[in-house]
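Below, all heavy atoms of this structure are taken into account, side chains as well, without hydrogens, waters or symmetry copies. Predicted, not measured: the structure shown is a model, and the values here were computed from it.
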2 protein chains.
Amino acid sequence: MAAVSIRDVAQHAGVSVGTVSNVLNRPGEVSAESVRRVQEAIEALGYVRNDAARKLRAGVSTTVGFVVLDGQNPFFGDVVRGAEDEGSKSGIAILYGNTDEDPKRERTYLDLFEEQQVRGVLISPYGDINPRLERLRARGIAAVLVDRFSGDGRFSSVSVDSVAGGRMAVEHLIATGRRRIAFVGGPFEIRQVTDRLAGARAAAENAREHVDLEVVATDALTVADGAAAGARIIARPRSERPDAIFAANDLLALGLLQALIVDGRMLVPHDIALIGFDDISFAAAAAVPLSSMRQPSRMIGRTALRILLEETADPELIPRQTVFQPELVVRASTTPRR
Amino acid sequence: MAAVSIRDVAQHAGVSVGTVSNVLNRPGEVSAESVRRVQEAIEALGYVRNDAARKLRAGVSTTVGFVVLDGQNPFFGDVVRGAEDEGSKSGIAILYGNTDEDPKRERTYLDLFEEQQVRGVLISPYGDINPRLERLRARGIAAVLVDRFSGDGRFSSVSVDSVAGGRMAVEHLIATGRRRIAFVGGPFEIRQVTDRLAGARAAAENAREHVDLEVVATDALTVADGAAAGARIIARPRSERPDAIFAANDLLALGLLQALIVDGRMLVPHDIALIGFDDISFAAAAAVPLSSMRQPSRMIGRTALRILLEETADPELIPRQTVFQPELVVRASTTPRR
DNA sequence: AAAACTTTATGAATCGATTCAGGCTCGATT
DNA sequence: AATCGAGCCTGAATCGATTCATAAAGTTTT
């Protein structure tokens with residue numbers, strides 16, 4: 001076990017530990033000769049900085065915690081990737097936690113990040129966690145909400161306008177001739193779900209003609225829950241079935257699509273149109289290519305991490321809300337019937 | 001800024017710092033009365049253990065690094081999830097790094113994990129990184145290869161028998177009447193790719209009748225590369241096109257499928273059969289439900305983390321190779337033509 | 001040539017949890 | 001009564017990087 005410390009490097013280079021530390025952290029203030037000698041020693045001894053000691057003394061961490069709602073969802077995979085890219089520019093690594101829409105897991109991860117004294121936390125929250133985040137802030141750990149608008153402005157956030165997205169999706173369904181629309185989504189503890197529903201409601205109410213909007217609740221935003229919801233819809237008498245579905249995300253939509261296709265009684269898009277949300281890369285490759293509301297997922301991750309770093313650099317900064325606009329992507333699943 | 005230390009807790013509880021530490025780490029050796037007082041003080045002051053100090057002194061870390069080949073691939077999402085589940089049992093968090101098949105990023109992450117002195121590293125490697133892992137081992141950081149057999153047995157590994165998987169996939173294609181098979185995959189620095197190809201070759205050579213097996217190389221294992229490969233195959237004169245494709249993973253397969261469907265000249269499975277590898281959850285929801293070789297992804301993650309923890313507990317353990325068998329999942333994309 | 005700066009280097013003090021040799025109490029053993 | 005051991009507690013030393021007051025050497029200004 002090597003265990004080469006800064007002291008060994010100093011000795012080998014014939015300088016003091018302070019100088020080695022300076023070479024590591026502010027090489028500009030050290031003579032070129034010393035820099036060279038120290039770097040040689042580091043090379044020769046295979047020295048690797050001990051991050052624990054550094055963190056303890058300097059109080060700065062090089063890791064950022066990311067609490068994700070659903071690690072299985074490619075959308076979050078893309079967001080994390082964006083954050084990772086931005087972080088690697090400044091040597092920041094991501095400590096990763098997947099809550100799977102479970103508040104207990106959410107708490108556990110936040111506790112862990114607190115012990116780790118991460119530089120900051122990115123989180124796509126489940127339910128209301130402001131109090132918890134306030135406590136982290138009191139400890140000097142900033143937080144940025146991801147994919148979720150911070151209504152009270154207590155924290156910065158990077159999100160997509162889910163209300164607008166919901167509205168656009170349903171307006172599109174109406175424009176293509178649908179009048180009996182089902183919103184499939186849940187749980188309603190997830191803000192994005194309620195926002196998308198609110199947008200859908202607004203679109204239905206503002207339509208020129210009468211539009212029915214019903215809500216089909218799901219337990220989670222997964223393919224399996226989508227398939228289950230699809231089965232329930234199929235089981236209804238023909239007259240009570242909707243002629244369009246707006247699913248709260250693409251996983252649900254793909255599950256619904258699967259259920260509808262396997263059953264075969266209702267054709268997409270002829271009998272029933274289907275639109276999702278997120279535009280994950282698999283939406284285009286679906287059995288019937290899926291219309292969706294595209295979110296700039298990677299950009300969301302990049303932006304969130306950038307803001308987080310800015311805030312940790314200057315804690316006086318006022319929280320700001322960054323909202324991207326979603327984009328309607330029309331594919332076969334919402335083609336108008338003839 | 002609170003900054004409550006173990007010293008404050010000790011004072012508040014009227015005991016020494018050593019006792020507080022004992023309550024935290026081996027409560028059995030402390031009187032019930034002291035435990036109670038210390039826990040009250042912790043509660044009252046809102047004390048949170050400083051992991052950096054703990055790590056520095058005790059030399060044990062509660063994080064494990066996970067270097068993943070392709071964070072976009074849901075397969076790895078599942079594997080990470082498995083590791084996370086297993087880790088949460090013992091309070092282990094995952095430090096996450098996505099290399100995107102880039103050796104430079106791979107190195108960067110390993111450096112970072114070394115500085116962080118993680119408990120151990122799980123890695124699905126690109127190319128040959130044994131030397132690098134040996135160095136980590138010399139520093140007391142164990143590593144377990146994920147989704148990759150360790151040929152020389154220098155490290156433990158948890159993988160799926162890719163050769164067998166490749167063989168089974170191609171045997172299935174042959175059994176359903178295909179004779180001109182294309183293997184689509186790459187880059188060949190990725191061991192899984194070469195293994196799956198080797199299995200495919202074996203199946204082709206052992207077939208009763210003559211079977212053609214050609215290789216269509218791709219730059220990466222992504223949907224986009226799959227679509228590009230599909231375009232190249234379509235562009236050929238009809239007589240030179242294969243009647244079946246074995247794609248090195250499902251992302252490629254979905255890309256291929258997309259290209260074939262958009263073009264429309266070759267129907268899947270009638271003109272050309274298609275099978276992938278991994279059985280990601282989107283395979284079943286594809287335009288033509290995709291046959292695939294299923295890997296027990298979550299189990300791979302769980303097992304890998306368990307082995308890693310066992311090895312860090314006892315460094316004398318001999319590396320062991322855990323190999324799961326893949327399972328053929330037949331769907332519409334390889335239905336025999338009539 | 002003295003004074004006033006600059007530049008660069010030094011090394012002890014520090015961060016907070018853990019460890020461990022040593023101390024105290026009290027009941028059991030001789 | 002002396003000795004021993006079990007049980008529990010104490011607090012100084014420690015891990016390794018950073019910081020900062022201090023000093024030494026070199027340069028410019030007066």
Side-chain angles (χ1 to χ4, degrees), chain A residues 1-39 41-42 45-63 91 112 114-119 139-140, chain B residues 1-39 41-42 45-63 91 112 114-119 139-140:
Chain A
M1 288 294 135
V4 180
S5 83
I6 204 174
R7 224 166 298 273
D8 303 315
V9 174
Q11 193 168 25
H12 191 277
V15 299
S16 74
V17 292
T19 299
V20 176
S21 177
N22 283 334
V23 169
L24 255 29
N25 298 303
R26 25 190 124 64
E29 298 184 9
V30 181
S31 71
E33 167 65 10
S34 293
V35 171
R36 197 187 52 72
R37 297 246 300 277
V38 169
Q39 275 168 350
I42 287 177
L45 301 176
Y47 167 77
V48 173
R49 206 204 226 115
N50 181 331
D51 189 70
R54 172 188 173 74
K55 183 147 69 179
L56 173 59
R57 178 64 236 250
V60 289
S61 168
T62 55
T63 59
L112 198 100
E114 194 177 341
E115 281 192 19
Q116 296 272 338
Q117 297 184 264
V118 295
R119 177 92 138 254
R139 283 227 156 58
Chain B
M1 298 283 142
V4 181
S5 83
I6 203 174
R7 221 165 300 272
D8 304 315
V9 174
Q11 195 168 20
H12 190 278
V15 299
S16 75
V17 293
T19 300
V20 177
S21 177
N22 282 335
V23 170
L24 257 27
N25 298 303
R26 25 191 124 63
E29 298 184 8
V30 181
S31 71
E33 168 64 10
S34 294
V35 171
R36 196 186 53 73
R37 298 248 299 278
V38 168
Q39 274 168 349
I42 287 177
L45 301 175
Y47 166 77
V48 173
R49 210 205 222 113
N50 182 329
D51 190 69
R54 174 186 171 75
K55 184 147 68 178
L56 173 59
R57 179 64 236 250
V60 289
S61 168
T62 56
T63 60
L112 198 99
E114 193 176 344
E115 282 193 17
Q116 295 272 340
Q117 297 183 264
V118 295
R119 177 90 139 256
R139 283 227 155 56

Looking at every strand, decide which applies to [X] at a 4.0 Å heavy-atom threshold: base, sugar-phosphate, or nothing.
X       : result
A:Val20 : nothing
A:Ser31 : sugar-phosphate
A:Asp51 : nothing
B:Ser21 : base
B:Val30 : sugar-phosphate

Is the distance from OP1 or OP2 of [N] to the nearest side-chain N or O of [X] less than 4.0 Å?
X       : N      : answer
B:Asn25 : C:dA17 : no
B:Ser5  : C:dC15 : no
B:Tyr47 : C:dA17 : yes

Along DNA chain C (nearest heavy atom to each residue), the more 5'-positioned of B:Asn50 and B:Arg26: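 Nearest nucleotide further toward 5': that of B:Asn50.
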Nucleotide nearest [X] when distance is taken to its side chain, options [options]:
X       : options                : answer
B:Leu56 : C:dA9, D:dA17, D:dG16  : D:dG16
B:Ala58 : C:dG16, D:dA17, C:dT19 : C:dT19
B:Val17 : D:dA12, D:dA17, D:dT14 : D:dA12
A:Thr19 : D:dA17, C:dA9, C:dA17  : C:dA9

Determine the minimum heavy-atom distance between A:Leu56 and B:Ala53, stating which atoms define it.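 So the minimum-distance heavy-atom pair works out to CD1-CB, 3.8 Å.
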Considering all heavy atoms, the nearest A:Arg37-A:Ala13 contact: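 That would be NH2-O, 2.8 Å.
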With a sphere of 6.0 Å drawn around CD of B:Gln11, does it hold more than 12 non-hydrogen atoms of other residues, nucleotides or ligands?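 At most 12 heavy atoms, drawn from other residues, nucleotides or ligands, come within 6.0 Å of this atom.
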Mapping B:Ser16 and A:Ala52 onto DNA chain D by nearest heavy atom, which one lands closer to the 5' end?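 Its nucleotide being nearer the 5' end, the pick is B:Ser16.
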Side-chain donor/acceptor contact of A:Arg57 with base of C:dT14 under 3.5 Å: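 Result: at least one qualifying N/O pair found.
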